[in-house]
Amino acid sequence: MLHLTCLVLPNATNQKDKDAIWRSFIDLRYSNPNLKVMANKGDFDSKEDSIWWRDVMSNKINIGGLEVNFSCFVKCGVGNGNDILFWDSIWLGNQTIRSSFPDLYDLSTKKLSSVGEIYLEQGDSYSWHADRVIGRSFGSATGGNPALVQDRQRHDIDAASASVCAQWSSLHSMLQSVLLAVEDMDSFVWILNPSGFFTISSVRLAMEEAKDIAWQSETISSMKIIWALKIPLKIQVFTWRFLAGRLPLRDQLLRRNVPDIASANCPFCDSQEENLLHLFFDCSVVKHIWERIFVWLGAGQFLSLADFRSFSAIQEKVKSGIIKEKINIVWISTIWSLWNMRNSMVFENNLYSFEWVFNSVLFFSWRWVSLSIPLTNFCFYDWFKVPLVGVSSV
C-alpha cells in the first residue's frame with residue numbers, strides 16, 4: 001500500500017486487521033484517496049478534502065524540465081479493482097490505458113470508472129467486455145473482432161472504426177491475463193523507491209538524477225555554490241535561472257512564438273540578436289562594464305579578465321575561500337545590475353547608463369558582502385576604495 005503519511009494504528013492482531021483499520025481511516029478522512037491518487041486531473045478532488053491532500057494532488061513533480069503528475073509514479077497491484085481507475089491508473093503495463101489506447105478513451109462514457117466496475121460478472125465467472133469499457137452497446141468483442149450492433153451509435157464510431165477496432169483487439173488481448181481477486185484489496189507501489197513506499201527523498205533523488213542528465217556537471221556545481229551564498233533568495237533564484245538558461249530573453253521568446261516582440265536585437269547595442277551570451281558578456285557595450293569592475297575590484301592578481309567573466313573559472317583559479325566568495329558576489333551583482341538596466345530600457349524606455357550600472361554593482365555587492373561576514377569598521381567607502389584588501393583583513 002502506498003503510504004502518504006505516518007499513522008499510529010491501534011492494537012491489531014494481524015496485518016489484515018491493521019490494513020482494515022488503515023483503510024477505514026483514510027476512507028473516512030479522505031473519501032477514498034486511492035482513487036484520488038490515480039486521477040491525473042484531480043477528478044475526485046473536492047473542497048471538503050484536507051488542505052494537505054489538495055496540495056499533494058495539485059502539485060506536479062519536475063523531472064528533467066518536464067512536469068509530471070503525482071500519479072505517474074504510482075504502480076497498482078490489482079486486487080478487487082475497486083480503488084484503481086481503469087483509464088488513468090498504471091495497472092496494466094507501464095503506462096495508463098488512456099495513454100495506450102486514446103481512441104477508446106475518447107469514445108468511453110465511463111472515464112472515471114474503477115477496474116472493479118468495468119470487470120463484468122457473468123454468473124460465477126468474470127470477463128472483460130467492450131460494452132463495459134466503452135459504456136455503450138459496442139457488441140461482443142470477446143473474440144477480438146468487435147462489431148457495432150446498433151445503427152443509432154454507428155455514426156459515433158464510423159470515422160475511427162478501424163483504429164477503435166484495432167485498439168480494442170489489442171486491449172482485450174492484454175486484459176485476458178488479468179483476474180480480479182474480489183476478496184483482496186488493491187495495492188499501490190511508489191516506483192521511485194525500491195521499497196515501494198512514498199518518500200520525499202525519492203522524489204528529490206529523481207529530480208537530481210534528471211538534472212544530472214539535463215545539465216552539465218559544471219552548471220550543477222555552480223548552482224550549489226549559489227545556494228550556499230548568504231545573499232537574498234530572490235537573487236539566488238535569478239542567478240539559478242541565469243545559469244540554467246531560463247531568463248525570458250528575446251531569442252527564447254521568439255522561439256516560443258510569444259507575440260508583440262518589437263525587435264529581437266540586444267537593447268544595449270541594437271545590432272545583434274539578444275541571447276544570454278551576447279547580452280551579458282559579448283555585447284560591445286557590456287564589455288566595458290566587465291573591464292571597469294575588474295579593474296576596480298583588483299581581481300587581476302587572481303584572474304585574467306576572461307576568467308573573471310566566467311563563474312566556473314573563478315571557482316577554479318581563486319584559492320582563498322573568502323576572496324572567492326566576495327568575487328562571486330561581485331560577479332552576481334554585475335549580471336543582476338545588467339539585467340535591471342536591460343529591463344528598464346525594454347519596459348520603461350530608459351537610456352543606457354554606464355554610471356548607473358557601475359554604481360549599482362558597487363551598492364549591491366557591498367550590501368550582500370555585508371550579509372556574508374562581520375564587517376567591523378568596514379563601510380561602503382572602504383569597499384569602494386580597496387574591496388579585496390578590506391575583506392581579506394577582516
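The hydrophobic clustering, which links ILVMFWY residues whose side-chain heavy atoms are closer than 4.5 Å, places Leu277 and Val285 together. Residues Val295 and Phe302 do not share a hydrophobic cluster, clusters being chains of Ile/Leu/Val/Met/Phe/Trp/Tyr side chains in contact below 4.5 Å. Residues Met341 and Val346 do not share a hydrophobic cluster, clusters being chains of Ile/Leu/Val/Met/Phe/Trp/Tyr side chains in contact below 4.5 Å. Residues Leu233 and Val369 share a hydrophobic cluster, clusters being chains of Ile/Leu/Val/Met/Phe/Trp/Tyr side chains in contact below 4.5 Å. Residues Leu351 and Val286 are members of separate hydrophobic clusters, defined by side-chain heavy-atom contacts under 4.5 angstrom among Ile, Leu, Val, Met, Phe, Trp and Tyr.
Looking only at distances, a side-chain donor or acceptor of Asp186 sits under 3.5 Å from a matching main-chain atom of Asn82. Using a distance-only test at 3.5 Å, with no hydrogens or angles considered, a donor-acceptor pair links the side chain of Gln252 to the main chain of Gly245. The backbone N or O of Met174 sits less than 3.5 Å from a side-chain atom of Ser177, completing a donor-acceptor pair. Looking at Trp296, its side chain does come within 3.5 Å of a backbone N or O of Phe384 through a donor-acceptor pair. Under the 3.5 Å distance criterion, the side-chain polar atoms of Gln272 are left unmatched by any main-chain donor or acceptor of His278. Within the 3.5 Å criterion, the main-chain N or O of Ala264 finds no donor-acceptor partner in the side chain of Glu273. With hydrogens and angles disregarded, a donor-acceptor distance shorter than 3.5 Å links the side chain of Trp91 to the backbone of Phe86. With Ser304 contributing its side chain and Gly300 its backbone, the two residues share no donor-acceptor pair below 3.5 Å. In this structure, the side chain of Ser173 does not engage the main chain of Ser169 through any donor-acceptor pair within 3.5 Å. Formation of a donor-acceptor pair under 3.5 Å by the Lys75 side chain with backbone atoms of Val189 is not found in this model.
In this structure, Lys317 NZ and Ile327 CD1 are separated by 12.0 Å, a value rounded to the nearest 0.5 Å. Here CG of Leu171 is found 9.5 Å from CD of Gln176. Values are rounded to the nearest 0.5 Å. Taking SG of Cys76 as the reference point, atom CG of Leu85 lies at 8.5 Å (rounded to 0.5 Å). Separating the CD1 atom in Ile231 from the OG atom in Ser365 is a distance of 11.5 Å, to the nearest 0.5 Å. If you take CZ on Arg241 and CG on Leu247, they are separated by 5.5 Å, rounding to the nearest 0.5 Å. Note that the CZ atom of Phe347 and the CZ atom of Arg342 stand 5.5 Å from one another [nearest 0.5 Å].
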*In sequence, state the C-alpha distance, the side-chain angles, and the governing distance for Tyr105 and Ile97, and then conclude on side-chain contact (heavy atoms from CB on, under 4.5 Å).*
CA-CA 8 Å; Tyr105 175 80; Ile97 295 179; over 6 Å; no
*Could you walk me through whether Glu274 and Phe268 pass the side-chain contact (heavy atoms from CB on, under 4.5 Å) test, one step at a time?*
CA-CA 9 Å; Glu274 179 188 79; Phe268 295 148; over 6 Å; no
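Ile332 has its side chain within reach of Leu229: a pair of non-hydrogen atoms, C-beta onward, lies under 4.5 Å apart. Residues Phe364 and Ile235 are not in side-chain contact: their nearest non-hydrogen atoms beyond the backbone lie 4.5 Å or more apart. Two residues are said to be in side-chain contact when any heavy atoms from C-beta on lie closer than 4.5 Å; Pro232 and Arg367 fail this criterion. With contacts defined as side-chain heavy-atom distances shorter than 4.5 Å, the pair Ile226/Phe311 qualifies. A 4.5 Å side-chain heavy-atom check between Thr96 and Trp87 finds every atom pair outside the cut-off.
Ring-plane geometry between Phe242 and Trp331 is classed as perpendicular, the angle between the planes exceeding 60 degrees on a 0 to 90 degree scale with a lower cut at 30.
Counted within 6.0 Å of NZ on Lys111, heavy atoms from surrounding residues, nucleotides or ligands total more than 12; the atom is thus considered enclosed.
The minimum heavy-atom distance between Leu249 and Asn275, with the atom names listed, is CD1-C, 3.7 Å. Taking each heavy atom of Leu303 and Ala313 in turn, the nearest pair found is CD2-O, 4.2 Å. Across Leu253 and Pro248, no two heavy atoms sit closer than the pair CD1-O, 3.7 Å. When all heavy atoms of Asn350 and Met345 are compared, the pair lying nearest together is O-CG, 3.3 Å. In terms of heavy-atom proximity, Ser100 sits nearest to Gln95 at OG-NE2, 2.9 Å. The two residues Ile289 and Phe358 come nearest to each other via the heavy atoms CD1-N, 4.1 Å.
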Show me the donor-acceptor pairs, under 3.5 Å and distance only, between side chains in residues 333-340 and residues at least two apart or in other chains.
| unit_1 | atom_1 | unit_2 | atom_2 | d |
| --- | --- | --- | --- | --- |
| Ser333 | OG | Ile329 | O | 3.3 |
| Ser333 | OG | Val330 | O | 2.8 |
| Thr334 | OG1 | Val330 | O | 2.8 |
| Ser337 | OG | Ser333 | O | 2.7 |
| Ser337 | OG | Ser360 | OG | 2.9 |
| Ser337 | OG | Val361 | N | 3.4 |
| Asn340 | ND2 | Trp336 | O | 3.4 |

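Phe281 does not carry Arg309 over the face of its six-membered ring by the limits of under 6.0 Å from the centre and within 45° of the normal.
Residues Trp383 and Ser370 bring no donor and acceptor atom of their side chains to less than 3.5 Å of each other.
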